[in-house]
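Below, chain A is the first sequence line, B the second, and so on; all start at residue 1. Computed over heavy atoms, backbone and side chain alike; hydrogens, waters and symmetry mates excluded.
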Amino acid sequence: MYRVLFSRASRLIALIPLLLVSTLPYFAHAQDKPYFVTYSQDMEEPGNLEIETKTALAQPNGGNRYGALATELEYGVKAWWTTELYLDGQTTANESTIPTGFRWENRFRILMQEHLINPVLYVEFENISGADKTMLEVVGHDGESDLATTNAEGREEHEHEGELKLILSSNVHDWNISENFIAEKNLGHDPWEFGYAVAASRPLATIYRDCTFCVQKLTAGVEAYGGLGDVWALTMRDTSHYIAPVIGWDLPGRSRLTFSPGFGLTDTSLDRVYRVGFAVEIPGFGRQLQEGIR
Amino acid sequence: MKRRISIALGCLSLVFALAAGGARASHWQDVPEKDHTRGNPMAKNCKAAVGGAAIYKDHCAHCHGADAKGDGKRAPSLKTESIRSATDGDLEWFLRQGDLRRGMPSWSSLPQAQRWQLVAYLRTLQQ
């Protein structure tokens, strides 16, 4: 019985990408970078809404396997201002499936002209529990042991945090190179924590062709991220660091599939973390909403 | 009295039209010389405009309209004397820069070859 159910489920899962490819042709095509942790200078186009899921799959030493899902709603308020709402949750094997909170972030392009390095200011408020495992950033002394905490323990811990990022990003000869400097503060008694993320990527072919299964639709790159300690212990000791190749596939329509296997570089890092993302962009969402209200 | 009002309104419209024309012209005045004189390396590629049309449909049409005539409000028409008078280099530069204050995103995230494809398509719109 279970085998039959599993077989049906696996067939359904295999069909999902095909369904997505075939049912989204009326959306246009996305051009965002395939990063999971690093932000680039790309802003959401004004009035567009992007819905994206970012899943992290891992198993910490001494803990259970988990899958953490962040669902992101990204809206272009202005060409220089993007706002995003994240809804987080996770499921841990042999434990439970729980929501873990929300994040609200805003990104502001500081300079209105394109330069060799383009700074973007990122401001975020997080209201998440200690059971959050989405790993959308790694700061301070975040480590594998935090991710091995049981859901019962983790959900008791409530974190209200403010986060600032300075995003520096360049588009040079079809390469994107981005660096993020992160400062995060628990609004309670904890100290400021610091982290970084850097990434580079390039489309595998640069001339546009109307196709789906071709290199023109693939962007490949690598990102690295980790913690830099906190104001009480501004040291690299007991910090986690990861390196992760990334690949993005622009599907027909403004949709995109991304994948990244991440590898821990220190004892306190997870050995491996696999990330899968899927994004759909709805052009002119703001305008449609306004017309709907009228 | 009515005549005076219509003359005043006419003058006001002329002033706004000239100001708008001046603002449009200033897009190209800001273009650095090396970008201004740059030719489109894909101009002789007959497929460039076809690719450019697809890029336009994906990224530009929902603001500027499928017919590139704009929405009469924020998104201007792309079939104007200002676009016709611009060099290929001016247009590629403007696509890369955008005009963030007025809602036009920067397309520096597009590969440069695709920006040239888009320029090739914009040229076909002027014919």
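Only the side chain of B:Q117 comes within contact range of chain A, judged by heavy atoms closer than 4.5 Å. Neither the backbone nor the side chain of A:R202 has a heavy atom closer than 4.5 Å to any heavy atom of chain B. Of the two parts of B:M104, only the backbone, made up of N, CA, C and O, holds a non-hydrogen atom closer than 4.5 Å to a non-hydrogen atom of chain A. Heavy atoms closer than 4.5 Å to chain B are found in both the backbone and the side chain of A:M112. Contact of B:N45 with chain A is not made at all, since no heavy-atom distance falls under 4.5 Å. Only the side chain of A:N48 comes within contact range of chain B, with heavy atoms under 4.5 Å apart.
Considering only heavy-atom pairs separated by less than 4.5 Å from chain B, the leading option among A:Q41, A:K78, A:Q113, A:H115 is A:Q113. Contact count versus chain A (heavy atoms, under 4.5 Å) is highest, among B:G51, B:S108, B:A113, for B:S108. Per-residue heavy-atom pair counts under 4.5 Å with chain B were compared for A:S169, A:G47, A:P46, and the maximum is reached by A:P46. Interface check for chain A: of the options B:K47, B:M42, B:R96, B:R101, the most heavy-atom pairs under 4.5 Å are formed by B:R101.
Without hydrogens or angle criteria, B:H64 side chain to B:K69 main chain gives no donor-acceptor distance under 3.5 Å.
Residues B:D67 and B:K79 are not paired through a salt bridge, judged by the lack of any N-O separation under 4.0 Å between the basic side chain and the carboxylate. Between A:R103 and A:E137 there is a salt bridge, since at least one side-chain N of the basic residue sits less than 4.0 Å from a carboxylate O of the acidic one.
A 4.5 Å side-chain heavy-atom check between B:D90 and B:F94 finds every atom pair outside the cut-off. Side-chain contact between A:R275 and A:M135 is present, with heavy atoms from C-beta onward closer than 4.5 Å. In this structure, A:Y122 and A:E163 have side chains that are in contact, with non-hydrogen atoms separated by less than 4.5 Å.
The environment of B:R84 atom CZ is dense: over 12 non-hydrogen atoms of other residues, nucleotides or ligands sit within 6.0 angstrom.
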